[in-house]
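Structure record follows, encoded as structure tokens.
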Amino acid sequence: MSLVALSGSLRARSSNGAVLNSALTLWDGPATTADIGALPHFNPDLDGEDATPPPSVAALRTAVASADALLIVSPEYAHGVPGVLKNALDWLVSSGEVVHKPVAVITASPFPTGGDHANAQLRETLRMMTGEVITAACREIPAIGPKIDAATERVSDEATLTDLAAALTHLATAATATPAAR
């Protein structure tokens, strides 16, 4: 089973990047992270019936289409989804790669809320895109700072790692089920 991940943070030493990298090591199968930082701003004029999408958009669509499951890990900015991530999802809305794709949403925050606003917004957007949001695979991780080992840039908190492993198990189970069984 293959997994493609999208990170809502472009920071080099992001705590959400550490969560994403930790999750990828827990996935039992091929896993990649799509580069969404190179995407142009969404413009429907570049995405019409006769238009050829920009190469970075085509690469994102190919990566998502070829994966068995999608993992989104994101911070919350101003109680919302980071613009770079929303832009990537906008490029996927009309092309259909997310339709019936099992998706997990994980948000992490230094605050006690765990990025709950962004998590809810992402789930709603993905449901509108007809993605199969796997509720049991979604997580909000509060107070992420001390749960990260700065030297390895990975989650070091055992309880959080156990919870991430459980989330990914739920995502993998959904990815092997038929869409009707999800």
Side-chain angles (χ1 to χ4, degrees), residues 1-12 14 16-17 19-21 23-24 27 29-109 115-135 137-140 167-168 170-172 174-180 182:
M1 264 179 311
S2 63
L3 176 73
V4 66
L6 304 180
S7 175
S9 178
L10 299 180
R11 285 184 59 202
S14 160
N16 277 269
V19 170
L20 185 143
N21 290 331
L24 293 181
W27 182 257
T32 60
T33 302
D35 178 12
I36 64 172
L39 296 172
H41 294 292
F42 177 71
N43 179 346
D45 290 339
L46 300 176
D47 201 33
E49 276 185 38
D50 298 326
T52 300
S56 57
V57 172
L60 172 65
R61 289 175 173 171
T62 298
V64 173
S66 65
D68 297 308
L70 178 62
L71 171 65
I72 297 176
V73 179
S74 182
E76 177 177 286
Y77 292 151
H79 278 196
V81 177
V84 68
L85 181 55
K86 180 62 168 84
N87 185 57
L89 294 177
D90 286 346
W91 278 112
L92 296 170
V93 167
S94 65
S95 55
E97 292 82 11
V98 177
V99 173
H100 303 301
K101 180 89 54 186
V103 184
V105 175
I106 298 174
T107 53
S109 171
D116 58 342
H117 294 286
N119 197 295
Q121 289 170 13
L122 285 165
R123 290 186 200 198
E124 178 60 27
T125 298
L126 291 158
R127 285 185 191 107
M128 188 285 313
M129 295 169 68
T130 324
E132 296 289 333
V133 176
I134 309 304
T135 302
C138 295
R139 297 290 188 273
E140 297 165 0
L168 292 170
H170 288 296
L171 183 60
T176 60
T178 61
R182 290 188 205 128

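For this chain, numbers begin at 1 and follow the sequence in order. Just so it is clear, the model here is predicted, and its values are computed rather than measured.
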Would you name the heavy atoms of [X] and [Y] that are closest together and state the gap between them?
X: I134; Y: A174; result: CD1-CB, 3.5 Å
X: I106; Y: A137; result: CG1-O, 4.2 Å
X: S109; Y: G115; result: CB-N, 3.5 Å
X: G80; Y: A118; result: O-CB, 3.5 Å
X: S94; Y: D47; result: OG-OD2, 3.2 Å
X: A51; Y: D45; result: CB-O, 4.3 Å

Do any N or O atoms from the side chain of [X] and from the backbone of [Y] form a donor-acceptor pair under 3.5 angstrom?
X: N87; Y: P40; answer: yes
X: N119; Y: R139; answer: yes
X: S2; Y: D68; answer: yes
X: Q121; Y: V81; answer: yes
X: W27; Y: A172; answer: no
X: K101; Y: V64; answer: yes
X: N16; Y: A108; answer: yes

In Å and rounded to the nearest 0.5 Å, what is the [atom1] to [atom2] distance from [X] to [Y]?
X: D90; Y: M129; atom1: CG; atom2: CE; result: 8.0 Å
X: L85; Y: I72; atom1: CG; atom2: CD1; result: 5.5 Å
X: S7; Y: L71; atom1: OG; atom2: CG; result: 9.5 Å

Is [Y] close to [X] at the side-chain level, that is, under 4.5 Å between some pair of heavy atoms?
X: S56; Y: D35; result: no
X: L89; Y: L122; result: yes
X: L39; Y: V84; result: no
X: L60; Y: L6; result: yes
X: V57; Y: L46; result: no
X: E97; Y: L70; result: no
X: E76; Y: D116; result: yes

Taken in chain and number order and not counting sequence neighbours, the residues that satisfy side chain to side chain contact (heavy atoms under 4.5 Å, CB included) with M128 are V93

Sorted by chain and number, sequence neighbours left out, ring-ring contact (aromatic ring centres under 6.0 Å, His included) with F42 holds for W91

